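Chain identifiers are assigned alphabetically (A, B, ...) following the order of the sequence lines, protein sequences preceding nucleic acid strands; residue numbering begins at 1 within each chain. Everything quoted here is computed from the prediction, not taken from an experiment.
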Protein chains: 4
Amino acid sequence: MFGLRFFVDPRSALPIYQQLVNQIKAAAAGGLYPPGQQLPSVRELAGQLAINPNTVAKAFRILEEQGVIERRRGLGTFIAQKPAVAKDLTSLRIKLQELLVEAYHLGVGPQELRQMFETALNNWNKGKEEQRGKGN
Amino acid sequence: MFGLRFFVDPRSALPIYQQLVNQIKAAAAGGLYPPGQQLPSVRELAGQLAINPNTVAKAFRILEEQGVIERRRGLGTFIAQKPAVAKDLTSLRIKLQELLVEAYHLGVGPQELRQMFETALNNWNKGKEEQRGKGN
Amino acid sequence: MFGLRFFVDPRSALPIYQQLVNQIKAAAAGGLYPPGQQLPSVRELAGQLAINPNTVAKAFRILEEQGVIERRRGLGTFIAQKPAVAKDLTSLRIKLQELLVEAYHLGVGPQELRQMFETALNNWNKGKEEQRGKGN
Amino acid sequence: MFGLRFFVDPRSALPIYQQLVNQIKAAAAGGLYPPGQQLPSVRELAGQLAINPNTVAKAFRILEEQGVIERRRGLGTFIAQKPAVAKDLTSLRIKLQELLVEAYHLGVGPQELRQMFETALNNWNKGKEEQRGKGN
DNA sequence: GTGGTCTAGACCACA
DNA sequence: GTGGTCTAGACCACG
């Protein structure tokens, strides 16, 4: 539909399947992949990225376990309908802590960090609105 | 002096050395380890955590590369003096993005996330003040 | 393909891993290992040199940090594509100073040193051309 | 006589005694310490640098073995008279090779390296002349 | 005493 | 198959 959207860096310390997981989750969160959107097939994605199909399959399996995507036999893979349930927020709190710790060690103070946070939040909302606009 | 401060989970998917890196960075950021403070020796920490000294040494090596600690042969390991230089903030931006993505997939909206952010920021400052108070 | 290319001296004051680092950098600089070339695996090199795989792995880790090689899990180790960016030349300046100091203490004067420098430079270029010729 | 001339970095990977050896050799080569010049005593130097006297003693022992300094019992330590004998130049050739390898991996070409070499050579001679001038 | 190097050998993750 | 992690234990260099 829109050609290559993902890319992987084989030299990264992060496993390729993890890079894929992160990117697909980010694409969904950013509004590029709205709920119900069909994803490329394992083979197609593997071909585009020039990586092993097993690696793509592993990423899809993890995303399915996390409830991000749904696989329908014979049809393909789709972005899941967002479950409105607020599950366990532990992972979110951990990421928040990690953010603060990283900021400390880079010499970024509370004020500067708050500003970065608000900027990121605004950009995020803006991106989602633009995607919505596209659909009209 | 105050017994066990760190702990590791050998069954975690996160490597032990990485768990140690994270905890020591968090302890330093939280004010538990002020700049110049001496850390437990490799052998001592390995003994406390019941892990191999090489694993501790690896964590220390990574922390030194990140500028968090300094190792001096024959003397010991110390929390680095803060360089105060504003380095590369890429890693911080990445963590911010990860935070937003995680929030999205857990159904946490911007308002709720902002509240969590402010709460975490306040707790962090409070913790550091308490540490300062201890020193008096 | 061409048998043993490296060798280490376990009795040297220089750590084995450092000897390996130096030799691999020299081999790459001499044109024996062009960018993208695959290196022997950790196990294979350890076997050839009769040293522990961990020691080879440490050398590889350092070379990767210096941007000389790239390690890809499950695939192997490769000479990095030259980044062409002009980085920090401090280490080079230090080596130059060391050269002059060494020359002084060996009673080698400026003229003689200049001659040695030019000779080494010519040999270096010649060596690289021969390697290129081999490829034809 | 002229206060602190040397300094050591306890955080460096290079052993302190080696840092001292290098600096004293460099000072002698640069003309700051002409042959016959008396060096500070072990205790004095250790006190100035706030390091262990054993460390200074080790540096002096190595310098004596290399023929850079001479110790006269009851009198002190002195820069040796330069032996005009051109000994083994192997160490010099090795340093030259290291210089070329380092230049390659930093993307510094032959022309640029030659220029740096000539500049360093000129600065070196200039420094020595200035020192000579001071003595008049 | 400290950290640094190295070994022999196990098990796991990745592609 | 590759590299990555971890262990147990030895020996060395440094200050």
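- A distance of 8.5 Å separates CD of D:Gln66 from NE2 of C:His105, quoted to the nearest 0.5 Å.
- Counting heavy atoms from C-beta on, the side chains of B:Leu14 and B:Asn22 come closer than 4.5 Å.
- The shortest side-chain heavy-atom distance between B:Pro10 and B:Ile16 falls under the 4.5 Å cut-off.
- For the pair D:Phe60 CZ and F:dG15 P, the interatomic distance rounds to 15 Å; values are reported in whole Å.
- With sequence neighbours left out, the side chain to side chain contact (heavy atoms under 4.5 Å, CB included) criterion links B:Asn52 to B:Asn54, B:Thr55.
- Side-chain contact between B:Arg93 and B:Gln97 is absent, with no heavy-atom pair separated by less than 4.5 Å.
- Electrostatic pairing of D:Lys95 and C:Glu102 does not count as a salt bridge here, judged by no charged N lying under 4.0 Å from a carboxylate O.
- Between A:Leu49 atom CG and E:dA15 atom P the separation is 12 Å, expressed in whole Å.
- The distance between atom CG of C:Leu20 and atom P of E:dT5, rounded to the nearest whole Å, is 14 Å.
- Between C:Ser41 and the phosphate of F:dG1, there is no side-chain N or O to OP1/OP2 separation shorter than 4.0 Å.
- The terminal axes of the helix from E:dG1-F:dC14 to E:dC14-F:dG1, fitted over 5 pairs per end, subtend an angle of 30° to the nearest 10°.
- Going from atom CD1 of C:Ile62 over to atom C1' of E:dG4 covers 11 Å, rounded to whole Å.
- The one candidate from B:Val21, B:Leu20, B:Leu45 that meets the side-chain contact (heavy atoms from CB on, under 4.5 Å) condition with B:Phe60 is B:Leu45.
- Closest-nucleotide positions on DNA chain E for A:Leu14 and C:Leu14 were compared, and the one nearer the 5' end corresponds to C:Leu14.
- E:dG4 atom P lies 11 Å from atom CG of B:Leu75, rounded to whole Å.
- In this structure, CZ of B:Phe78 is placed 12 Å from C1' of F:dG15, rounded to the nearest angstrom.
- Straight-line distance from the CD atom of A:Gln19 to the P atom of E:dC14: 12 Å, rounded to whole Å.
- Each of C:Leu39 and B:Gln18 has a nearest nucleotide on DNA chain F; the 5'-most of these lies closest to C:Leu39.
- Atom C1' of nucleotide E:dA15 and atom CZ of A:Arg61 are separated by 14 Å, given to the nearest angstrom.
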Protein within reach of the bases, or only the backbone? For nucleotides 7-13 of chain F, mark each nucleotide 5' to 3' as B, S or -, using heavy atoms under 4.0 Å. BBB----

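- At distances below 3.5 Å, not a single donor-acceptor pair connects side-chain atoms of A:Gln23 with backbone N or O atoms of A:Val8.
- At F:dG4, one or more side-chain N or O atoms of C:Arg71 fall inside 4.0 Å of OP1 or OP2 (strictly under the cut-off).
- Judged purely by atom type and a 3.5 angstrom limit, B:Arg71 has no side-chain atom pairing as donor or acceptor with the backbone of D:Ala13.
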